[in-house]
K.L.:
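Below: one structure in structure tokens.
Please read these numbers as outputs of a predicted model, since none were measured by experiment.
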Amino acid sequence: MPWLQIKFFTSPEQAAEIEDLLLESGCASVTLLDAADTPVYEPEKGSTPLWQHTIVMGLYEDNVVEQAIVDHVRDHLVLADGQTFPPYKSEILEDKEWERAWMDHFHPIQFGKRLWVCPSWREVPDPTATNLMLDPGLAFGTGTHQTTALCLEWLESLNLTDLDIIDYGCGSGILGIAGLLLGARHMIGVDNDSQALIATRDNAKRNHIEDSRVEIYLPDDCPPQQADVVVANILAGPLVTLAPTIASCVKPGGLLAMSGLFERHVDSIMLSYAPWIEFSPYATKEGWVRLNGVRRITE
């Protein structure tokens, strides 16, 4: 079945009202998009910032009358002084197998010499390698993002045999599960999103990892723990705020890697962890940074 897609090119002030009006007019879904390539990386907690140039896109079944939708928005949109009715455009999307089109975007990815992350519907490129089977889902972490790749490459470079690992901000569990498949003995996953805890448990089972090797917690429920290896792929702000907590998870002499940050964040994060961590030179990928170091034995 074809679909009608209508895009309104508007401002943050008008976006929410247009979204409501499109829903009132019977659209199947509304999506807010960035019209000018100005990403928002670290919104303040509890806020929902929008771009200065925002696209509000509504998707409708093809049996609707386009002019009726536009008239509904025009008749009810409140315009402040100096504002004009936003420009818009529409197009017909021909029917296709959307699930298959989505799946076609994901391919096996290699990290280092011995680790692959593979969607379950793809053939494993190298059966002799360490293959982590992972399907895209609601929780962050599929290996396609630069920060995840930086952390996976770091883990692949280590000898993890019989070590314990903590994945702080585990998302899909990809980093902790990769550590287990690469030889780690036990993993603890911590995340403030309950959906991430479910995804981590499901992905561990998908990779035939015994339940006894995986523990998952919300931050407030996690008992004091230390591990030989800690990875924290979150964001610069939480990394600074959580410095004492994350550093305390690393055994003396243990290893810590952090990502989810840009070069402009490096100095503040290194300063926050300076009482505990001796850092190595950092790695970069397409503007993103991975910091890694060793927890001092004497502090």
Side-chain angles (χ1 to χ4, degrees), residues 97-112 114-127 129-156 158 160 162-223 225 227-235 238 242 246 249 257-260:
E97 192 176 349
W98 291 104
E99 182 179 5
R100 174 57 56 186
W102 169 79
M103 291 169 68
D104 287 344
H105 284 290
F106 294 95
H107 304 270
I109 308 173
Q110 185 175 15
F111 301 93
R114 56 190 174 128
L115 176 64
W116 286 84
V117 175
C118 307
S120 62
W121 59 85
R122 296 283 187 182
E123 185 176 349
V124 173
D126 181 2
T130 299
N131 292 295
L132 196 168
M133 309 308 296
L134 189 79
D135 293 346
L138 294 179
F140 177 81
T142 62
T144 58
H145 195 274
Q146 295 87 341
T147 61
T148 311
L150 284 165
C151 292
L152 288 171
E153 290 167 358
W154 180 74
L155 288 170
E156 190 276 338
L158 303 176
L160 297 174
D162 293 332
L163 300 183
D164 296 325
I165 184 169
I166 293 177
D167 185 353
Y168 206 100
C170 57
S172 67
I174 183 172
L175 300 181
I177 294 169
L180 292 174
L181 294 175
L182 290 165
R185 174 176 51 197
H186 185 264
M187 165 204 168
I188 295 172
V190 183
D191 204 289
N192 61 7
D193 183 353
S194 58
Q195 180 64 45
L197 306 188
I198 296 170
T200 296
R201 182 68 70 186
D202 289 347
N203 286 323
K205 290 180 178 178
R206 180 177 285 114
N207 286 277
H208 309 292
I209 293 170
E210 301 90 340
D211 289 346
S212 60
R213 298 177 67 196
V214 179
E215 296 179 53
I216 50 176
Y217 298 100
L218 294 168
D220 291 341
D221 297 335
C222 186
Q225 303 269 9
D228 306 285
V229 177
V230 176
V231 285
N233 182 23
I234 41 181
L235 291 170
L242 293 169
I246 292 175
C249 293
M258 298 177 287
S259 196

K.L.:
Mark yes or no for whether Asp191, through its side chain, and Gly171, through its backbone, hold a donor-acceptor pair below 3.5 Å.
P.N.:
yes
K.L.:
Give the minimum heavy-atom separation between Ser259 and Leu150, together with the two atoms involved.
P.N.:
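Between these two residues, the closest heavy atoms are OG-CD1, 4.1 Å.
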K.L.:
When rounded to the nearest 0.5 angstrom, what is the spacing between OG1 in Thr200 and CE in Met187?
P.N.:
5.0 Å
K.L.:
If you measure from CZ on Arg201 to CD1 on Ile209, what distance do you get to the nearest 0.5 Å?
P.N.:
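So the CZ of Arg201 and the CD1 of Ile209 are separated by 10.5 Å.
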K.L.:
If you round to the nearest 0.5 Å, how far is CG of Asn207 from CG of Leu180?
P.N.:
9.5 Å
K.L.:
Who are the side chain to side chain donor-acceptor pair (under 3.5 Å) partners of Asn203, not counting sequence neighbours?
P.N.:
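Testing Asn203 for side chain to side chain donor-acceptor pair (under 3.5 Å), a comparison that skips the adjacent residues, returns Arg206.
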K.L.:
Can you tell me how far apart SG (Cys170) and CD1 (Ile165) are? Round to the nearest 0.5 Å.
P.N.:
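The SG atom of Cys170 sits 11.5 Å away from the CD1 atom of Ile165.
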K.L.:
Are any of the side-chain nitrogens in Arg185 or Asp164 under 4.0 Å away from the carboxylate oxygens of its partner?
P.N.:
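So Arg185 pairs with Asp164 through a salt bridge.
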K.L.:
Considering non-hydrogen atoms only, spot the tightest contact between Tyr168 and Ile234 and give its length.
P.N.:
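Smallest heavy-atom distance, with atoms named: O-CG2, 4.0 Å.
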K.L.:
State, yes or no, whether a side-chain contact exists between Arg114 and Asp126 at a heavy-atom distance under 4.5 Å.
P.N.:
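Not touching, per the 4.5 Å side-chain cut-off.
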K.L.:
Give the minimum heavy-atom separation between Phe111 and Glu156, together with the two atoms involved.
P.N.:
O-CG, 3.3 Å
K.L.:
For residues Leu218 and Ser194, report the shortest heavy-atom separation together with the two atoms involved.
P.N.:
CD2-N, 4.3 Å
K.L.:
Return the minimal non-hydrogen interatomic distance between Ser172 and Leu134, and the atom names on each side.
P.N.:
OG-CD2, 4.1 Å
K.L.:
Would you say Val124 and Trp116 make side-chain contact, with heavy atoms under 4.5 Å?
P.N.:
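Heavy-atom side-chain distance check fails, nothing below 4.5 Å.
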K.L.:
When you look at CD of Glu123, are more than 12 heavy atoms from neighbouring residues, nucleotides or ligands closer to it than 6.0 Å?
P.N.:
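No, the 6.0 Å shell around CD holds no more than 12 heavy atoms from other groups.
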K.L.:
How many angstroms lie between CG in Leu115 and CG in Leu182, if you round to the nearest 0.5 Å?
P.N.:
5.0 Å
K.L.:
Supply the atom-to-atom distance Asp167 CG to Leu175 CG, rounded to the nearest 0.5 angstrom.
P.N.:
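If we round to the nearest 0.5 Å, Asp167:CG and Leu175:CG are 4.5 Å apart.
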K.L.:
Please report the closest heavy-atom contact between Arg213 and Ala184, naming both atoms and the distance.
P.N.:
NH2-O, 2.6 Å
